[in-house]
Amino acid sequence: MAQALFATWNEDGAARTARWRAESGQPPKRIELVGDVTRADAAFRQACEGTSLLYRGDWRNARQLLAALTRRLEERAGKRPAEKGELDLRGAFLAHRQHQSTVHQVTSRLLVGLDGQWRVEAKQAPDLRQACQEVWGRAEGPSLTPLRGLLGMVGAHEWRAKGVEVAAIGGRVHPHYGVFAPVRGEYVDLVAAAPLGKVGRAFDVGVGTGVLSVLLAHRGVPEVVATDLDPRAVACARENVERFGFSQQVRVEERDLFPEGLADLVVFNPPWIPARPRTPVERAIFDPDSELLLRFLRELPEHLSPGGEAWLVISNLAELLGLRPRGLVVQAAGAANLAIRGQSSTPARHKKSQDADDPLYPARSREVTTLYRIGHRGEL
């Protein structure tokens, strides 16, 4: 269990302390009080200088101040559509990530307080206790948290309650906070359409919400062992597996990559961008130096049954951005004494692939997701 962190500040002439609740980062060193009369320009200057701002006032005004901080950062960045002939997509990506990092850092300095029952200490604040409890569990005294993160938790709570419709499994998957939701359906559709031979046991590596485990069970695989290193993903996957009535077929374990033993089928939808994640949920997207992808391929032969097959599903966006060499999957598979038996691809359908104002549009518009069918070298 992670060690509790605490933030301190002065208020009404006395020192105050509260538990620090944030996905990443240490408690702020400087906290100043702001409120309904605080001007956005003054707050923006303080936040850019590294001062955290604890809001004491109306909830709606706090949200408006957060929007004002974000708007000023966007104006400073001078967002523009990428030129169609632009070739430095890697540079565009790095600039985009730097901008995202700056927005995250600065806007996360606007804080709100919560009491010992998860009630927001702001006038006219909505009841967010259920959303807080889903993420943090039982309250243990007062807390401070970035307003930006708290709003993200509220959005995640709504997604969890509503669910995400997945046509391939004929129902809704309910993602938990911090677990990558299957809103990009390309990888699910590829797994749904891949030719499935006789499979007695399958591994679903990096289970996330459990959508692929449910899909494999739905397709008739009698035993699925799913793994994830994130406890939140494990809890989320177990809940979704139970919702679909597959608890007897699917076992979810908290484990790094592979479970014990061999499988006739191994399915893996790894992070597809070789960059460093800022928050836990970004680990589903960003894989520094493609370390996880390469480790999966190196270790796969030890976990794949003779005659078995692995389905590796990954986007080519990193290649289009110049972040990963073309052909790396084929090369790394060959180095591990594996062979590509076949592959199927589908173009991106997500909104950003059609947004010409997106700075990475020249790459996103050409993005393709591919399912590689991989087996031991020398086998049919």
Side-chain angles (χ1 to χ4, degrees), residues 168 180 182 184-199 201-208 211-213 215-216 219 221 224-228 257-259 262-274 284-350 353 363-364 366-380:
F180 185 74
R184 292 172 51 123
E186 295 91 344
Y187 72 100
V188 178
D189 293 342
L190 286 169
V191 171
L196 183 66
K198 185 177 180 181
V199 175
R201 190 184 197 210
F203 292 162
D204 178 8
V205 177
V207 65
V211 62
L212 295 185
S213 289
L215 175 56
L216 293 174
R219 294 191 65 185
V221 176
V224 181
V225 184
T227 65
D228 207 294
L257 280 185
F258 299 96
L262 301 174
D264 305 310
L265 175 65
V266 179
V267 178
F268 188 35
N269 173 222
W272 61 95
I273 301 292
I285 303 171
F286 298 101
D287 176 20
D289 299 321
S290 300
E291 291 176 358
L292 191 61
L293 169 63
L294 295 174
R295 185 158 71 90
F296 170 81
L297 290 169
R298 285 198 307 270
E299 297 179 10
L300 175 61
E302 302 173 11
H303 301 276
L304 189 61
S305 299
E309 193 166 270
W311 295 349
L312 174 66
V313 192
I314 192 167
S315 159
N316 72 337
L317 183 60
E319 285 87 342
L320 296 173
L321 293 172
L323 300 171
R324 184 167 57 228
R326 295 180 186 273
L328 179 65
V329 170
V330 175
Q331 179 183 357
N337 205 30
L338 298 164
I340 308 297
R341 294 179 177 174
Q343 61 188 66
S344 53
S345 301
T346 186
R349 301 191 302 270
H350 56 83
S353 68
R364 295 195 198 275
R366 296 181 288 134
E367 182 181 1
V368 169
T369 299
T370 298
L371 184 149
Y372 294 91
R373 296 172 50 221
I374 303 172
H376 294 289
R377 182 180 290 167
E379 296 180 342
L380 296 177

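Only this structure's heavy atoms are used, side chains among them; waters, hydrogens and symmetry mates stay out.
- When all heavy atoms of A348 and S353 are compared, the pair lying nearest together is O-OG, 3.7 Å.
- Minimum interatomic distance between L297 and A333 (heavy atoms only, all atoms of both residues): CD1-N, 4.2 Å.
- Scanning all heavy atoms of the two residues, the minimum distance from V266 to V205 falls at CG1-CG2, 4.0 Å.
- A distance of 9.5 Å separates CD of Q343 from CD1 of I374, quoted to the nearest 0.5 Å.
- Between L294 and D289, every side-chain heavy-atom pair lies at or beyond the 4.5 Å cut-off.
- Contact check for F268 versus L292: side-chain heavy atoms found under the 4.5 Å cut-off.
- Atom NE2 of residue H303 and atom CG of residue L262 lie 8.5 Å apart, to the nearest 0.5 angstrom.
- Partner of F258 under the side chain to side chain contact (heavy atoms under 4.5 Å, CB included) criterion, out of T227, L300, L304: L300 alone.
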Would you be so kind as to tabulate the donor-acceptor pairs closer than 3.5 Å made by side chains of residues 321-328, with sequence neighbours excluded?
unit_1, atom_1, unit_2, atom_2, d
R324, NE, E319, OE2, 3.4
R324, NH1, W272, O, 3.3
R324, NH2, W272, O, 3.4
R324, NH2, S315, O, 3.3
R324, NH2, E319, OE1, 3.4

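- Tested against Y187 for a side chain to side chain contact (heavy atoms under 4.5 Å, CB included), the candidates I314, L212, L371 yield a single pass: L212.
- Using modelled atom types, one side-chain atom of R219 and one backbone atom of V191 make a donor-acceptor pair closer than 3.5 Å.
- Side chains of E367 and N316 form a contact here, defined as non-hydrogen atoms less than 4.5 Å apart.
- For T346, the side-chain contact (heavy atoms from CB on, under 4.5 Å) criterion is met by E186, L190, R349, T369, not counting sequence neighbours.
- Distance CG/L312 to CZ/R373: 13.5 Å, rounded to 0.5 Å.
- Judged by distance alone, the side chain of D228 and the main-chain N or O of V207 form a donor-acceptor pair under 3.5 Å.
- Atom OG in S344 sits 9.0 Å away from atom CH2 in W311 (nearest 0.5 Å).
- For CD of E291, the number of neighbouring non-hydrogen atoms (other residues, nucleotides, ligands) closer than 6.0 Å is greater than 12.
- When atom types are taken as modelled, the side chain of D264 and the backbone of G308 share no donor-acceptor pair closer than 3.5 angstrom.
- Here the side chains of L317 and I273 are in contact, with some heavy-atom distance below 4.5 Å.
- What you find for A192 and L215 is that their closest heavy atoms are N-CD2, 3.7 Å.
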Intermediate values then yes/no, side-chain contact (heavy atoms from CB on, under 4.5 Å), V221 and L196: CA-CA 9 Å; V221 176; L196 183 66; 4.0 Å; yes

Residues V329, T370; criterion side-chain contact (heavy atoms from CB on, under 4.5 Å); working and verdict: CA-CA 11 Å; V329 170; T370 298; over 6 Å; no

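- Put simply, the side chain of D287 never gets that close to the backbone of P271: no donor and acceptor are under 3.5 Å apart.
- When side chains are defined from C-beta on, N269 does not count as touching V188, because their heavy atoms never get closer than 4.5 Å.
- Going from atom CG of L257 over to atom CD of E299 covers 6.0 Å, rounded to the nearest 0.5 Å.
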